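Quantities reported herein were computed from a predicted structural model and do not represent experimental measurements.
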Amino acid sequence: MQTSCIQGDFWGGESNDGGQAEAVRAPFADGTLVVVPPAVEGDDAMLKAILPLTDVMSTGHHAAVSAGVQPGGTAAVIGDGAVGLCGVLAAKRLGAERIIILGRHEKRLEIARRFGATDVVTSRDKQAISEVQEMTKGGVESVLECVGTESSMDTAIGIARPGGAIGFVGVPHGSETINLSRMFYSNIALRGGVAPARA
């Protein structure tokens, strides 16, 4: 798990100044970086097209894998930003039969539908939990949490089916508490974190 290496760090951390420069020294680059294939070097259109693979697509994929998305299963994606939309793509690619997107931006929700979302929930918090619980008759086995707030994590826990899993990739901000009792009594797994884009 390259992104969680005990000798690792993050761009913008104490030992480096970030990764937005023209050139940057990448410690352990042979274990973290991927060389762009020669076929796309100098091809601006292709470089732009593959750019999402370096971050948002791999993060959405990590959420789907962490949530245990299976062929024929049901997945719910919380968040209609770039990572959530890539989570929809990943759930579809992994074979989910039903994909529920929870979001509030109509243009993004339309993209989610084109990417494979079968259901849309635009409400939030307890109302969203109630709607998803009702439409799925008990919750979703694979939940992709792609936001990182306390509200989004509460929703993820609230819509997970007993025995299900939550793949969380939203950078935690304001989510210091989670409903461990619900997770415990319903045997809900929680996996995720920083996406190993190289993998």
Side-chain angles (χ1 to χ4, degrees), residues 1-13 19 31-32 34 52-71 73-96 98-103 108 112 115-117 121 124-125 128-129 132 136 139-199:
M1 183 65 71
Q2 298 94 344
T3 53
S4 299
C5 175
I6 59 173
Q7 297 175 338
D9 199 354
F10 288 93
W11 299 119
T32 58
V34 177
L53 295 175
T54 66
D55 183 8
V56 293
M57 186 61 219
S58 58
T59 303
H61 177 75
H62 185 51
V65 170
S66 295
V69 173
Q70 297 291 321
T74 298
V77 179
I78 300 173
D80 59 7
V83 172
L85 293 174
C86 288
V88 171
L89 283 172
K92 182 74 173 172
R93 192 180 74 72
L94 291 171
R98 187 175 193 187
I99 302 170
I100 304 164
I101 180 81
L102 287 82
R108 295 178 189 174
F115 284 177
V121 173
R124 297 176 81 160
D125 303 319
I129 292 169
V132 173
T136 59
V140 179
E141 60 263 22
S142 300
V143 181
L144 289 67
E145 192 287 308
C146 302
V147 180
T149 63
E150 186 171 347
S151 172
S152 62
M153 185 58 80
D154 287 346
T155 300
I157 294 168
I159 66 173
R161 180 178 291 281
I166 299 167
F168 74 104
V169 297
V171 177
H173 53 286
S175 54
E176 289 77 24
T177 61
I178 60 172
N179 189 346
L180 285 176
S181 294
R182 163 105 165 96
M183 294 180 69
F184 179 83
Y185 288 110
S186 295
N187 284 290
I188 297 169
L190 180 63
R191 293 185 291 270
V194 180
R198 187 171 202 260

Testing the basics here: between [X] and [Y], what is the closest heavy-atom pair and its distance to 0.1 Å?
X: V69; Y: A91; answer: CG1-O, 3.8 Å
X: V140; Y: A76; answer: CG1-N, 3.5 Å
X: V169; Y: G193; answer: CG1-O, 3.8 Å
X: I129; Y: G158; answer: CG2-O, 3.5 Å
X: S152; Y: G148; answer: OG-N, 3.3 Å
X: L94; Y: A64; answer: CD1-CB, 3.7 Å

Check your understanding: How long is the gap from CD on E145 to CG on L102, to the nearest 0.5 Å?
Key -> 11.0 Å
Exercise for review: Any chance you could measure I78, atom CD1, to I159, atom CD1, to the nearest 0.5 Å?
Suggested key: 4.0 Å
Test item: [X] and [Y] side chains (from C-beta on) under 4.5 Å apart, heavy atoms:
X: K92; Y: F115; result: no
X: I166; Y: I157; result: yes
X: I100; Y: T74; result: yes
X: V147; Y: T155; result: no
X: H173; Y: T149; result: yes
X: V77; Y: C146; result: yes

[X] side-chain N/O to [Y] backbone N/O, donor-acceptor pair under 3.5 Å:
X: E150; Y: M153; answer: no
X: S142; Y: A67; answer: yes
X: S58; Y: D55; answer: yes
X: R182; Y: A160; answer: yes

Practice item. Determine whether more than 12 heavy atoms belonging to other residues, nucleotides or ligands lie under 6.0 Å from atom CZ of R124. Key: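 Atom CZ in R124 is not crowded, with 12 or fewer foreign heavy atoms closer than 6.0 Å.
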**Study point:** L190 vs I178, side chain to side chain contact (heavy atoms under 4.5 Å, CB included): CA-CA, chis, key distance, verdict
**Key:** CA-CA 11 Å; L190 180 63; I178 60 172; 4.1 Å; yes
